[in-house]
Novice: 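Sending over a structure as structure tokens; questions will come in a sec.
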There are 2 protein chains.
Amino acid sequence: MLSMRAKYALKALIYLAKVRDQGPVLIGDIAASQKLPRKFLEQILLELKNLRVLKSRQGKSGGYLLAKEPAEIEMGQIVRVFNGPLALVPCVSVTAFEKCAECLDFDHCGVRRVMKKVRDITAEILDGTTLEAMVNIEASESDEASMMYFI
Amino acid sequence: MLSMRAKYALKALIYLAKVRDQGPVLIGDIAASQKLPRKFLEQILLELKNLRVLKSRQGKSGGYLLAKEPAEIEMGQIVRVFNGPLALVPCVSVTAFEKCAECLDFDHCGVRRVMKKVRDITAEILDGTTLEAMVNIEASESDEASMMYFI
DNA sequence: ACCATAACCTATTAATCCTATATGCTAAAT
DNA sequence: ATTTAGCATATAGGATTAATAGGTTATGGT
């Protein structure tokens, strides 16, 4: 399962993309409108800022805004940072590769081969879906229509 | 990431499928040959027995063996039992569906729609890969060849 | 210059989960 | 009867997660 941090990060980003022409948005506004715990969200937004995905202004009329075009922000990046590697086993991870301690035959391991398939397809979907696509998906009516936004 | 329990369960099952014509296999033999922690594996095998995936004999010349044909045992079932739902968000899970507490618009939620796609493809792969296929995958030389065993 | 505001940053908590081991019990074969 | 090997449960230690608290720093308005 995705961590709350990862899910909240995605929700906050989608919201910020939607209201992107309205200047800086308060943490409190994001939290209230998306029903996310305010202080917890604060940490997440800070991390997104350090990632250079968001930028911020302090003090009066401050708040957060996107630091990039929505089309340049990939779901895969956010999930990896906030939830860890996409891979289900370390030996199939691109970003955190590690051989299993109990590994007997790396090349022929069936678990590894199947999990690699799962990871590759997951990466294809998540890296191929940008924040821009997410906004479009939310605007569309049917799940079928939303499929068009995938690579 | 997959839990150790799930990974060990899969490895033990593949091993048992390979030596299936040799009668009951000792926990200690499975543990030693697959380099898995013996007592931890014991719990896992017991759970597999209660699932009716394995059967066992106690006492002298006892051990574990498959309770079904390898072609009838799906990877998806094992992963779900030992690792939890395949879904990355509860609102997209078939076996443990739950609406997110912070959900504002279920039908249009972009996170949900994308994660549903990921879940569906993951389920297609894991439910479409049987223990029999896993044994064949381990016997094959190239990763390309192993793709043939997927649905 | 001052003050209100809002983001920044760090520490801490409670709860849960994960991996693994320990211990005693029960069933079966010889 | 004895030995073997699985059955069952308890428990420990560690790691991770979700969330809150509290003080600090920057900034715009007056």
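Letters go in sequence order (proteins before strands), and every chain restarts at 1.
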Novice: Which residues in residues 39-52 of chain B have a heavy atom closer than 4.0 Å to any atom of DNA chain C?
Specialist: B:K39, B:F40, B:Q43

Novice: Tell me the interatomic distance from B:K35, atom NZ, to C:dA20, atom P, rounded to whole angstroms.
Specialist: 13 Å

Novice: Would B:L65 and B:L46 show up in the same hydrophobic cluster when neighbours are defined by side-chain heavy atoms closer than 4.5 Å?
Specialist: no

Novice: Could you note down all residue pairs passing ring-ring contact (aromatic ring centres under 6.0 Å, His included) where residues 10-43 of chain B supplies at least one of them, sequence neighbours left out?
Specialist: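 Found B:Y8-B:F40.
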
Novice: So, for A:M134 and B:V114, which heavy atoms are closest and what is the spacing to 0.1 Å?
Specialist: SD-CG2, 3.4 Å

Novice: Give A:G63 one of three labels, base, sugar-phosphate or nothing, depending on what nucleic acid heavy atoms sit under 4.0 Å from its own.
Specialist: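 Sugar-phosphate only.
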
Novice: Going through the checks in order, is the salt bridge (Lys or Arg N to Asp or Glu O under 4.0 Å) test met by A:R80 and A:D127?
Specialist: CA-CA 10 Å; A:R80 283 190 192 88; A:D127 289 332; 2.8 Å; yes

Novice: Along nucleotides 25-30 of chain C, 5' to 3', which nucleotides get a B, which get an S, and which get a -, given that the test is a protein heavy-atom distance under 4.0 Å?
Specialist: -BBBS-

Novice: Check residues 27-36 of chain B and write down every donor-acceptor pair under 3.5 Å in which the side-chain atom is one partner and the other belongs to a residue at least two apart or another chain.
Specialist:
unit_1: B:S33; atom_1: OG; unit_2: B:D29; atom_2: O; d: 3.1
unit_1: B:S33; atom_1: OG; unit_2: B:I30; atom_2: O; d: 3.3

Novice: Which residues in residues 3-20 of chain B have a heavy atom closer than 4.0 Å to any atom of DNA chain C?
Specialist: B:S3, B:M4, B:R5, B:Y8

Novice: List the steps and the verdict of side-chain contact (heavy atoms from CB on, under 4.5 Å) for A:L131 and A:L16.
Specialist: CA-CA 10 Å; A:L131 193 50; A:L16 285 172; over 6 Å; no

Novice: I'd like to know whether A:R113 forms a salt bridge (Lys or Arg N to Asp or Glu O under 4.0 Å) with B:E138, so could you lay out the CA-CA distance, the side-chain angles of the two residues, the decisive distance to 0.1 Å, and finally the verdict.
Specialist: CA-CA 9 Å; A:R113 287 178 171 187; B:E138 298 223 331; over 6 Å; no

Novice: Could you check how far CZ of B:F82 sits from P of C:dC17, rounded to whole Å?
Specialist: 17 Å

Novice: From the list C:dA7, D:dG6, C:dT21, which nucleotide is the closest neighbour of the side chain of B:Y64?
Specialist: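 Nearest listed nucleotide: D:dG6.
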
Novice: Scan the side chains in residues 84-97 of chain A for donor-acceptor partners under 3.5 Å anywhere in the protein, sequence neighbours excluded, and list what turns up.
Specialist:
unit_1: A:S93; atom_1: OG; unit_2: A:T95; atom_2: N; d: 3.3
unit_1: A:S93; atom_1: OG; unit_2: A:A96; atom_2: N; d: 2.8

Novice: Check the surroundings of atom CZ in A:R57: do more than 12 heavy atoms from other residues, nucleotides or ligands lie under 6.0 Å from it?
Specialist: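 No, because the 6.0 Å sphere around CZ of A:R57 holds 12 heavy atoms or fewer from other groups.
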
Novice: Please check if the number of heavy atoms outside B:E98 that lie under 6.0 Å from its CD is greater than 12.
Specialist: no

Novice: Roughly, in whole Å, what's the span from CZ in B:R38 to C1' in D:dC7?
Specialist: 12 Å

Novice: Could you tell me the separation between the CG atom of A:L26 and the P atom of D:dT27, rounded to a whole number of Å?
Specialist: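 One finds 16 Å between P of D:dT27 and CG of A:L26, rounded.
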
Novice: Please give, in whole Å, the distance from C:dA6 C1' to A:K55 NZ?
Specialist: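 Value for this atom pair: 18 Å.
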
Novice: Decide salt bridge (Lys or Arg N to Asp or Glu O under 4.0 Å) for B:E102 and A:K7; before the verdict, give the C-alpha distance in whole Å, the side-chain angles of both, and the deciding distance to 0.1 Å.
Specialist: CA-CA 10 Å; B:E102 77 281 3; A:K7 189 167 62 171; 3.2 Å; yes

